[in-house]
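The chains referred to below are lettered A, B, ... by the order of the sequence lines, with proteins before strands, and numbering in each begins at 1.
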Protein chains: 2
Amino acid sequence: MKITLRPQPVSTRDAVYLQLRDQILKLELPPGTPLSENETSLLFQVSRTPVRESFLRLAQEGLVQVLPQRGTFVSLIDTELVEEGRFMREQLEKSVIRLACEQFPEEALASLELNLLQQEASMMKQDDKHMFELDEAFHGIIFEGCRKMNTWSVIQQMNVHLNRSRMLRLADDHNWQNLFEQHRRMAEAIKSGEADLAEQLMKEHLSLNITDQAVLKEKYPSYYK
Amino acid sequence: MKITLRPQPVSTRDAVYLQLRDQILKLELPPGTPLSENETSLLFQVSRTPVRESFLRLAQEGLVQVLPQRGTFVSLIDTELVEEGRFMREQLEKSVIRLACEQFPEEALASLELNLLQQEASMMKQDDKHMFELDEAFHGIIFEGCRKMNTWSVIQQMNVHLNRSRMLRLADDHNWQNLFEQHRRMAEAIKSGEADLAEQLMKEHLSLNITDQAVLKEKYPSYYK
DNA sequence: ATTTTCACACTTGTATGGTAGTATGGTAGT
DNA sequence: ACTACCATACTACCATACAAGTGTGAAAAT
């Protein structure tokens with residue numbers, strides 16, 4: 001008896017959605033850019049339906065704004081949304097790392113340490129892209145160990161706005177060495193169950209991401225609300 | 001010069017969405033119920049398009065599950081999702097009420113006190129529905145005073161799952177008197193800036209909402225995942 | 001009696017035509 | 001020169017037709 005796994009064939013709708021989302025996050029479609037169902041459907045060589053449904057999804061996530069009978073536009077960056085996204089992430093990650101200090105599965109701890117080794121390797125190779133993924137994964141492992149994967153999903157969802165803002169800075173001012181060191185110390189704190197220390201480390205870690213919104217807003221006024 | 005405010009005329013899509021959402025949350029459409037685009041469009045006397053778009057939105061919010069070429073079903077209640085929703089709300093509300101203790105606008109404090117008066121009146125009249133709305137509003141005012149409205153939106157979004165679970169209990173075991181008392185004490189703590197006390201009150205207040213999932217799951221096994 | 005096959009009645013996914021509302025640029029009237 | 005008007009070319013919204021995958025039950029084969 002063979003269980004036939006149904007591999008979700010990426011639908012046209014999802015393909016269009018992912019493509020648009022990617023372009024918006026990379027600022028290839030800058031804030032304010034008008035999008036048109038017709039135009040986009042011609043560009044992707046598909047009908048208007050999947051395009052339209054992609055727009056609706058993007059609108060729900062706040063990445064585009066749909067004005068009935070007027071047009072659809074890439075959303076301007078909302079500073080409040082960015083700051084609150086950071087705020088929520090900080091509060092939730094601080095709470096979760098406290099949980100991790102109280103109870104954390106052995107295999108998750110092993111995953112963390114493996115991840116740290118990979119981070120070191122990627123730093124050597126100056127593989128920024130991979131380093132970024134490992135950073136995300138590190139935090140994800142902590143949530144997974146605390147059985148809070150849905151919380152992690154929510155955080156990632158909220159952070160698309162923050163990420164778009166981050167993209168405005170030239171990407172390479174990431175101080176990976178510093179981030180790695182913080183990761184390492186957080187893992188140790190979890191291992192030894194030092195909740196207060198862990199929370200403090202996480203707080204500092206996440207505040208590194210605070211980009212000076214005011215500066216960016218002045219530099220790219222047309223991108224901001 | 002008159003600014004012509006454009007009152008978003010409720011689109012067909014939104015009308016269908018709101019109606020379905022309401023029915024799902026009230027368990028008039030119990031978890032597991034099959035929904036059909038065709039059937040629903042006939043029921044609402046509209047075409048498949050707005051119905052389909054409503055389904056997509058509901059799917060994104062986790063209220064329905066769409067299986068391509070097979071069907072669309074009202075989502076089973078996910079215990080993990082419910083518990084994590086409660087967890088996130090607790091963490092965020094605790095942090096925000098701390099903020100409120102440090103800095104809270106005068107007019108927001110006035111709104112809180114007006115709200116408390118209205119709560120008392122509603123309790124007298126045993127107006128449960130209004131009391132529920134005032135409860136929501138009370139928390140909303142705190143977020144508004146801290147300029148964290150987006151955070152509040154996220155919480156409300158996450159809590160649809162918790163609310164569906166809550167709906168399973170007979171609605172009238174709400175101990176409004178107790179809730180009111182907690183609200184009153186929280187408002188006082190904000191006024192006097194007692195952050196630790198406020199946080200503790202909020203924690204207790206929200207833990208009242210912890211329904212014993214296991215019991216409900218046993219009583220309504222077909223509703224749960 | 002049991003198994004296999006297959007037509008058919010569903011499902012959602014995609015394409016397309018028509019409708020109503022909106023922005024714009026040219027034109028006629030002042 | 002300036003304003004009011006209006007044709008026109010957009011827009012998103014909705015309705016409908018077609019395509020493609022899935023499950024079911026009856027009929028045929030074993």
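Rounded to whole Å, atom P of D:dA12 lies 7 Å from atom CZ of A:F55. With rounding to whole Å, A:Q65 atom CD is found 17 Å from D:dT11 atom P. Distance CD (B:E53) to P (C:dT14): 13 Å, rounded to an integer number of Å. Protein atom CD of B:Q45 is 10 Å distant from nucleotide atom P of D:dA15, rounded to whole Å. Spacing between atom CG of A:D14 and atom C1' of C:dT14 amounts to 13 Å, rounded to whole angstrom units. Rounded to an integer number of Å, the gap from OH of A:Y17 to P of C:dT14 is 16 Å. The CZ-P distance, from A:F44 to C:dG13, rounds to 19 Å in whole Å.
Distances shorter than 4.0 Å separate some side-chain N or O of A:R13 from OP1 or OP2 on C:dG13. The side chain of A:T12 places an N or O atom within less than 4.0 Å of a non-bridging phosphate oxygen (OP1 or OP2) of C:dT14. In terms of phosphate contacts, A:S47 brings no side-chain nitrogen or oxygen within less than 4.0 Å of OP1 or OP2 of C:dT16.
Of all nucleotides listed (D:dA15, D:dA12, D:dC14), D:dA12 comes nearest to the side chain of A:V66. Set against D:dC13, D:dA15, C:dT12, the side chain of A:R52 has D:dC13 as its closest nucleotide. For B:Q69, whose side chain is taken as the heavy atoms from C-beta onward, the closest listed nucleotide among D:dA12, D:dA15, D:dG21 is D:dG21. The side chain of B:P50 lies closest to D:dA15 when the candidates are C:dG13, C:dT22, D:dA15.
Comparing A:T49 and A:G71 along DNA chain D, the residue whose closest nucleotide (by nearest heavy atom) sits nearer the 5' end is A:G71. For the pair B:T72 and A:V46, nearest-nucleotide mapping onto DNA chain C gives the more 5' position to B:T72.
Base pairing of D:dA27 is made with C:dT4, judged by Watson-Crick or G-U wobble geometry with both donor-acceptor distances under 3.5 Å. Using N1 to N3 plus N6-O4 or O6-N4 for Watson-Crick, or N1-O2 and O6-N3 for G-U wobble, each under 3.5 Å, C:dT14 pairs with D:dA17.
Residue-level contact check: A:L56 touches neither bases nor backbone, having no heavy atom under 4.0 Å from any strand.
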In a table with atom names and distances, give each donor-acceptor pair under 3.5 Å that connects a side chain of residues 50-61 of chain B to protein atoms at least two apart or in another chain.
from: B:R52; atom 1: NE; to: A:E53; atom 2: OE2; distance (Å): 2.6
from: B:R52; atom 1: NH1; to: B:E37; atom 2: OE2; distance (Å): 3.0
from: B:R52; atom 1: NH2; to: A:E53; atom 2: OE1; distance (Å): 3.4
from: B:E53; atom 1: OE1; to: A:R52; atom 2: NH2; distance (Å): 3.3
from: B:E53; atom 1: OE1; to: B:R13; atom 2: NH1; distance (Å): 2.9
from: B:E53; atom 1: OE2; to: A:R52; atom 2: NE; distance (Å): 2.6
from: B:E53; atom 1: OE2; to: A:R52; atom 2: NH2; distance (Å): 3.3
from: B:S54; atom 1: OG; to: B:R13; atom 2: O; distance (Å): 3.1
from: B:S54; atom 1: OG; to: B:Y17; atom 2: N; distance (Å): 3.3
from: B:S54; atom 1: OG; to: B:P50; atom 2: O; distance (Å): 2.9
from: B:E61; atom 1: OE1; to: B:Y17; atom 2: OH; distance (Å): 2.9
from: B:E61; atom 1: OE2; to: B:Y17; atom 2: OH; distance (Å): 2.8

Validation: residues 24-35 of chain B side-chain donor-acceptor distances under 3.5 Å, sequence neighbours left out:
from: B:K26; atom 1: NZ; to: B:D22; atom 2: OD2; distance (Å): 3.2
from: B:T33; atom 1: OG1; to: B:P30; atom 2: O; distance (Å): 2.5

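Residue A:D78 is tested with A:R164, A:K217, A:K225 for a salt bridge (charged side-chain N to carboxylate O under 4.0 Å, His left out); the sole match is A:K225.
More than 12 heavy atoms of other residues, nucleotides or ligands shown are found within 6.0 angstrom of CZ on A:R98.
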